[in-house]
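Note that this is a predicted model, so its numbers are computed, not measured. Scope of the values below: all heavy atoms of this structure, side chains included, with no hydrogens, waters or symmetry mates.
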Number of protein chains: 2
Amino acid sequence: MEGIDPDSALPLYAQVEAALATSICDGKFAPGSPLPNETALIQQYGVSRTTIRQTIQNLIRRGLVEIRRGKGTFVLEPKITQEFTELSGFVEDMRVLGHRPSARVLDRSVVPCSETVARHLGLATGVKVVRIHRVRLANDVPISFDETYLAREIGEKVIENDL
Amino acid sequence: MEGIDPDSALPLYAQVEAALATSICDGKFAPGSPLPNETALIQQYGVSRTTIRQTIQNLIRRGLVEIRRGKGTFVLEPKITQEFTELSGFVEDMRVLGHRPSARVLDRSVVPCSETVARHLGLATGVKVVRIHRVRLANDVPISFDETYLAREIGEKVIENDL
DNA sequence: GAGTGGTCTAGACCACTCC
DNA sequence: GAGTGGTCTAGACCACTCT
């Protein structure tokens, strides 16, 4: 049934999800147009309604489709940001892989920014910025070390909100 | 059954969700402690497993609990503490503030790691790691510059999964 | 009314974690 | 092994939207 393998290590809903996501990204289902309805997907992929519904929920979470009550499930406009937010979503990435994500802040301080940082933040070199050092963990195992520079007014707002 | 009304306009999962959320906020289930398991909740509220599982999924989406595989479902620290430690998600932060988050990857390369990075990732100095440079934006305005170091095998997995 | 998704049940078998 | 959640099925009835 349409490239679905019941013996795959991947759950059925993930296989259908990948198939539909691919079709959407390929443009087989254009933005604004409806996905096939649940009954059609059930038959097309040979899985149960529960499985199809889990697939759809995941596509919604990924921002690829939305449901309109009583009307159907529709493909959303691609967000230019999406491909990158996926990468930046450490939390989501880890959860997808079945890990428990967390993070530890090692340091927060105000420092003059380097030329590189200045260029990318649209500041002058040497302007004070907030620097945060952080370790991200999955199941308490350190995965990444992270240095973040924030423009100062925003960084301070973040720190405030934190308290 | 514990204040659940099958004839309510509210779906059962929403009623159970409200009950559990209340217990969590009241401190009846303290942060770090486990929720009753699915079987117990099924009996306590007199609903099916599907319903309980939908309830839990919603609590997860609300950031109140997390599931640890094979162990159980645990109450998380209240959100404010969480912002910077648990859920350091830029994406979530910005959405809370009503901004449209995105990110731009400037560079991805494999480099020998510094002593600092090595220490935090539990590696030897000089081991090859994946370095990612990224600018994060809110409403297309650059907010932060970001340098991330990933242990190599994981970094490459991330790059693959990126599709 | 016909078509859509929303909610719900009662089962089943599997994978992971801890002992 | 026992206990946890993860996946999946095959049904059922309901609420919404459009015509």
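When the P atom of D/dT9 is taken as reference, atom OH of A/Tyr45 falls 14 Å away, rounded to whole Å. A straight line from CG of A/Asn58 to C1' of D/dT7 spans 12 Å, rounded to a whole angstrom. B/Phe74 places its CZ atom 16 Å from the P atom of D/dG3, with the value rounded to the nearest Å. When the P atom of C/dC18 is taken as reference, atom CG of B/Asn37 falls 16 Å away, rounded to whole Å. The CG atom of B/Leu41 sits 17 Å away from the P atom of D/dG3 (whole-angstrom rounding). Between the C1' atom of D/dG5 and the CD1 atom of B/Ile42 lies a distance of 11 Å, rounded to the nearest Å. In this entry the distance linking CD1 of B/Ile56 with P of D/dT4 reads 13 Å, nearest Å. Atom CD of A/Glu17 and atom C1' of D/dC8 are 16 Å apart (whole Å).
Where pairing requires Watson-Crick or G-U contacts shorter than 3.5 Å, the helical stems of DNA chain C with at least three consecutive pairs are C:1-18 with D:1-18.
Comparing C/dG5, D/dG3, D/dT9 by their nearest atom to the side chain of A/Arg53 picks out C/dG5. Side-chain atoms of B/Gln54 lie closest to C/dT7 of the nucleotides C/dT7, D/dG5, C/dG6. If you check C/dG5, C/dC8, D/dT9 against the side chain of A/Thr51, the one that comes closest is D/dT9. For B/Pro11, taking side-chain heavy atoms from C-beta onward, the closest of the listed nucleotides C/dT9, C/dT7, D/dT7 is C/dT7. Distances were taken from every side-chain heavy atom of B/Ser48 (C-beta onward) to each of C/dT4, D/dG5, C/dT9; the shortest belongs to C/dT9. Closest contact between the side chain of A/Leu12 and the listed nucleotides D/dC13, D/dC8, D/dG5 involves D/dC8. Picking from C/dC8, C/dG5, D/dT7 the nucleotide with the shortest atom distance to the side chain of A/Tyr13 gives D/dT7.
Nucleic acid contact class of B/Thr50 (heavy atoms, under 4.0 Å, all strands): base. Contacts of B/Thr73 with the nucleic acid, taken as non-hydrogen atoms under 4.0 Å apart, involve only primed sugar atoms and P, OP1 or OP2.
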Taking N or O atoms only and anything under 3.5 Å, show me the protein contacts with nucleotides 17-19 of chain D, one pair per line.
| residue | atom | partner | partner atom | Å |
| --- | --- | --- | --- | --- |
| D/dC18 | OP1 | A/Lys71 | NZ | 3.3 |

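No donor-acceptor pair closer than 3.5 Å links the side chain of A/Glu38 to the backbone N or O of A/Ile52.
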For A/Gln54 and A/Thr50: C-alpha separation, side-chain torsions, deciding distance, then whether side chain to side chain contact (heavy atoms under 4.5 Å, CB included) applies.
CA-CA 6 Å; A/Gln54 176 154 8; A/Thr50 308; 5.7 Å; no
Applying side chain to side chain contact (heavy atoms under 4.5 Å, CB included) to A/Val47 and A/Thr55, what does each step give before you reach the verdict?
CA-CA 11 Å; A/Val47 299; A/Thr55 297; over 6 Å; no
Step by step, work out the side chain to side chain contact (heavy atoms under 4.5 Å, CB included) result for B/Val75 and B/Leu64.
CA-CA 6 Å; B/Val75 178; B/Leu64 290 174; over 6 Å; no
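With hydrophobic clusters built from ILVMFWY side chains whose heavy atoms lie under 4.5 angstrom apart, A/Ile67 does not share a cluster with A/Tyr13.
Considering only heavy atoms from C-beta on, B/His133 comes within 4.5 Å of B/Phe145 through its side chain. Residues B/Tyr149 and B/Val111 have side chains in contact (heavy-atom distance under 4.5 Å, counting atoms from C-beta outward). Looking at heavy atoms from C-beta onward, A/Leu20 lies in side-chain contact with A/Leu41 at the 4.5 angstrom threshold. Looking at B/Glu17 and B/Arg62, their side chains come closer than 4.5 Å, going by heavy atoms from C-beta outward. Considering only heavy atoms from C-beta on, A/Thr73 stays 4.5 Å or farther from A/Ile60 through its side chain.
Judged by closest nucleotide on DNA chain D, A/Ala14 is the one of A/Arg49 and A/Ala14 placed further toward the 5' end. Position along DNA chain D of the nearest nucleotide to B/Glu38 versus A/Ile52 favours B/Glu38 as the more 5'-ward residue.
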